[in-house]
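Working notes for the structure below.
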Amino acid sequence: FGKVIISETNIKKSKSAIKLKAHLSLSKSNIRIEKNVSKALSNLLSSITEKDILLIIGSHYLGPYIDNVFKNCFAKQL
């Protein structure tokens, strides 16, 4: 991966961004922690090009954040 950004939702038993980073076996030089999920998504979307691939990997707790950015709801509000 050219760039990895780790974020956290602080919901229930979610792992912290620091703990997630420690589990990755990637070069640590291209990993950045942005604890604010909305800010992480916004910054990423403003910096990628048509040739880039954006992977969002994580918990279903990211659903509301993704819905807010992409307006393609798959997370139901209770």
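Counting from 1, the numbers follow the sequence of the chain as shown. This is a predicted model, so every value here is computed, not measured.
- Atom CD1 of residue Ile53 and atom CD1 of residue Ile48 lie 10.5 Å apart, to the nearest 0.5 angstrom.
- Put simply, CG on Asn43 and NZ on Lys3 are 8.5 Å apart, with the number rounded to the nearest 0.5 Å.
- Rounding to the nearest 0.5 Å places CG of Asp52 at 7.5 Å from OG of Ser47.
- Val37 and Tyr61 are assigned to two separate hydrophobic clusters, defined by single-linkage of ILVMFWY side chains at heavy-atom distances under 4.5 Å.
- We find the CD-CD1 distance between Glu34 and Ile5 to be 7.5 Å, quoted to the nearest 0.5 Å.
- Here CG of Leu62 is found 12.5 Å from CG of Asn68. Values are rounded to the nearest 0.5 Å.
- To the nearest 0.5 Å, the span separating CG on Asn36 from OH on Tyr65 amounts to 7.5 Å.
- What you find for Ser14 and Thr9 is that their closest heavy atoms are OG-OG1, 3.3 Å.
- The one candidate from Glu8, His23, Lys21 that meets the side chain to side chain contact (heavy atoms under 4.5 Å, CB included) condition with Lys15 is His23.
- Heavy atoms of other residues, nucleotides or ligands lying less than 6.0 angstrom from CD1 of Ile56 number more than 12.
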